[in-house]
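All figures in this text were calculated on a predicted structure; none of them were measured in a lab. Here is the naming used below: chain letters follow the sequence lines, and residue numbers restart at 1 for every chain. Heavy atoms only: backbone and side chains are in, while hydrogens, waters and symmetry mates are out.
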Protein chains: 2
Amino acid sequence: MSSIRSTKSTIRDIASHAGVGAGTVSRVLNNHPHVSDSTRAKVLKAIEELNYRPSFSARQMRTGKSQVIGFITDEIASTQFAVNIIKGAQAVAWDYGKLVLVVNSDGNRAIEYEAIEMMLERGVDGIIYASMFHRQAQLPDSIHEVPAVLIDCFLPDRSLPSVVPDEFGAAHEATEILIRKGHRRIGLINLGGEAKPAIEGRLAGYTAAMQAHGLYDPDLIVHGGDEGAGRHGYASAMKLMKLTERPTAIFCAQDRIAAQAYRALHELGIAIPNEVAVMGFDNHIDVATTLSPLLSTMALPHLEMGQWAVEYLLSGAGEPLEPVQVKLPCPYIERQSI
Amino acid sequence: MSSIRSTKSTIRDIASHAGVGAGTVSRVLNNHPHVSDSTRAKVLKAIEELNYRPSFSARQMRTGKSQVIGFITDEIASTQFAVNIIKGAQAVAWDYGKLVLVVNSDGNRAIEYEAIEMMLERGVDGIIYASMFHRQAQLPDSIHEVPAVLIDCFLPDRSLPSVVPDEFGAAHEATEILIRKGHRRIGLINLGGEAKPAIEGRLAGYTAAMQAHGLYDPDLIVHGGDEGAGRHGYASAMKLMKLTERPTAIFCAQDRIAAQAYRALHELGIAIPNEVAVMGFDNHIDVATTLSPLLSTMALPHLEMGQWAVEYLLSGAGEPLEPVQVKLPCPYIERQSI
DNA sequence: GCCTGGACTGGAATCGTTTCCATGTCATCG
DNA sequence: CGATGACATGGAAACGATTCCAGTCCAGGC
């Protein structure tokens with residue numbers, strides 16, 4: 001059918017083909033008022049016939065808006081399930097008619113700085129910076145030249161709006177859920193590594209809930225190692241099970257830790273959830289659903305954070321963004337381990 | 001320090017500040033010859049002082065190159081580990097000084113068509129279309145208006161270059177590896193669903209290897225169901241183990257299937273790998289490494305496909321791309337299950 | 001001393017839109 | 001019936017770069 005047009009047509013081609021002025025074509029294109037129906041029809045017909053496609057770069061040059069937002073992330077693939085942040089961000093941007101420029105820095109700060117520079121040169125309408133785990137971020141001053149929102153991280157001076165998971169609330173709720181199920185001795189195997197806010201928030205949430213019910217006992221808390229991938233979960237679970245008054249539930253601050261805890265419990269011949277209940281954290285789908293029994297866990301609101309960030313970036317009708325600091329709830333995903 | 005400049009400076013501001021013509025500034029910016037060192041120095045100084053940043057949209061309008069490539073994918077998050085395709089693509093684009101516009105269609109064809117349209121309007125230098133599982137794709141004619149490369153899929157008429165995993169070769173090698181280890185009775189639990197080339201390729205590779213060694217027996221093959229997430233793996237493994245002459249190795253055409261097979265073998269009290277070896281497929285990290293023993297598997301070359309696609313798109317110095325059909329090898333990842 | 005050609009430079013034209021201003025038309029109102 | 005707006009429209013200017021053309025300068029060859 002419509003053969004590939006070799007030479008692009010411009011708004012003036014449309015104008016002369018339709019027998020009108022260039023300004024009129026532009027008015028039709030942008031749905032401006034004060035265009036008669038007959039003229040509009042002629043223009044639309046010409047657009048159709050010449051297979052016209054407007055040039056965004058020309059439009060951007062004139063209006064200053066690129067209809068593109070930049071998305072920078074430090075480690076897109078190290079914790080793969082977090083791609084939902086991108087997915088959510090892109091989906092909302094799409095609803096606003098905007099496209100997303102993505103760059104993955106692999107944690108290399110020089111790349112992040114250069115990426116921001118490149119995005120600025122391209123005149124993006126805004127920038128989202130997403131960390132793949134909850135931490136404090138460090139960004140160049142130039143980030144302030146354009147609206148920007150942070151995901152899963154925050155600036156030392158809080159000068160940029162940010163959205164992070166409510167670590168404290170989630171850990172508190174997880175613990176409460178276990179308590180409500182009748183558990184009194186609840187162990188915590190915490191994270192290791194550099195995700196400070198997550199480590200501290202989850203610990204604090206757990207502690208608060210335990211103390212509120214007079215169940216707190218420091219022996220029940222095992223602090224994580226740095227081995228990554230939750231590998232210390234095995235030894236930690238073993239340690240917990242050796243306690244004289246051993247826990248009837250374990251709250252693992254990460255699904256991967258839970259996977260290793262499962263392994264320990266299996267070896268000890270302890271049944272999940274009958275003898276010991278296990279609560280995870282992250283809703284790391286591939287882990288939670290290959291475990292048997294399926295792991296109950298607190299879900300990190302990745303998708304929602306991505307959505308929130310873009311929504312906030314774009315909904316403000318141009319005026320500077322308030323640097324609000326938002327915490328999103330982490331829903332409880334009930335499966336079989338509790 | 002350097003205060004945020006409120007009003008952008010243009011190339012003409014630089015020109016007058018440096019006391020030269022606009023053309024000269026442009027020549028400096030683009031490293032053209034025939035600029036004296038002293039002039040160059042003056043211009044560079046002015047750029048520095050005015051904190052000048054060139055406008056890509058103006059540049060694009062004049063040159064026609066956007067320095068951006070489009071990346072469309074059908075289901076970025078359904079099989080999360082495949083984000084490596086994006087990661088690889090973006091990394092190579094970065095090396096070429098280009099940024100990547102990403103849109104996730106969620107399998108919605110209307111979105112894909114519109115995404116291509118939007119990318120064309122923005123004048124992308126090329127488009128990558130990536131499927132998250134190996135299949136035949138369907139794209140609008142307009143895709144031919146710009147250089148394009150397909151990942152993990154192909155067009156019915158093969159009119160676009162594509163890069164896919166070598167399913168046959170990988171399955172063949174996997175089977176050979178098991179045979180070399182001394183196995184004679186090797187079961188195959190194949191995929192279900194709509195990933196035709198993967199299903200057929202893996203079956204053919206297995207079959208060829210078995211036949212070449214005179215080991216082929218149709219009873220050893222279990223065809224997958226549609227339940228998804230490899231859930232049929234449990235029943236399939238059970239079935240295989242009930243064979244009178246039961247297999248000493250199982251080749252699972254997907255790591256998730258292997259996870260379910262593990263469950264069946266555990267229940268039957270069959271030790272992996274001593275009594276039965278298990279080979280996976282996909283190198284679905286989170287699955288393969290939470291299983292115990294760790295799963296040996298064939299890795300899908302996601303990162304490499306992403307890299308190859310962009311490399312091929314960008315390396316051709318402008319002339320139309322040959323529609324080559326490339327198959328990338330799937331490396332064997334040795335762990336503990338064989 | 002004149003001519004030639006190369007190096008360097010300034011400035012106009014151009015890319016494809018949007019926006020603003022000026023003009024023309026027509027119905028309405030006093 | 002002339003003045004007044006509201007509406008419709010054409011066309012020029014502007015956005016910020018690149019590129020081409022023409023002009024200046026200077027060294028070297030005759």
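Helix-axis bend for the helix from C:dG1-D:dC30 to C:dG30-D:dC1: the local axis fitted to the five terminal pairs at one end deviates from that at the other end by 60°, rounded to 10°.
For A:Ile11, whose side chain is taken as the heavy atoms from C-beta onward, the closest listed nucleotide among C:dT17, D:dA17, C:dC15 is C:dT17. For B:Met61, the side-chain atoms get nearest to D:dG16 when compared with the rest of D:dG16, D:dT18, C:dT18. Candidate nucleotides C:dT17, C:dT18, C:dC15 were compared by shortest atom distance to the side chain of A:Pro54, and C:dT17 ranks first.
Side chain of A:Asp125 to main chain of A:Gln67: a donor-acceptor pair is present (N/O by atom type, distance under 3.5 Å, no hydrogens or angles). The main-chain N or O of A:Met132 is found under 3.5 Å from a side-chain atom of A:Asp74 such that the two form a donor-acceptor pair.
Within residues 23-35 of chain A, the residues that place at least one heavy atom under 4.0 Å from DNA chain D are, in residue-number order, A:Gly23, A:Thr24, A:Arg27, A:His34, A:Val35.
One finds a side-chain N or O of A:Ser36 lying less than 4.0 angstrom from the OP1 or OP2 phosphate oxygen of D:dT9.
Judged by closest nucleotide on DNA chain C, B:Asp37 is the one of A:Ser57 and B:Asp37 placed further toward the 5' end.
A salt bridge between A:Arg53 and B:Glu117 is present, with a side-chain N of the basic residue lying under 4.0 Å from a carboxylate O of the acidic one.
A cation-pi contact, defined as under 6.0 Å to the ring centre and within 45° of the axis, is absent between A:Arg109 and A:Tyr113.
At the heavy-atom level, A:Thr39 lies under 4.0 Å from the strands shown only through sugar-phosphate atoms. Heavy atoms of A:Gly19 sit under 4.0 angstrom from primed sugar atoms or phosphate atoms, though from no base atom.
Judged by distance alone, with hydrogens and angles left aside, B:Arg62 brings a side-chain donor or acceptor within reach of the base of C:dT14, the pair sitting under 3.5 Å.
Residues A:His17 and A:Asp13 have side chains not in contact (no heavy-atom distance under 4.5 Å, counting atoms from C-beta outward).
A:Ser131 and A:Arg135 share a side-chain donor-acceptor pair at under 3.5 Å.
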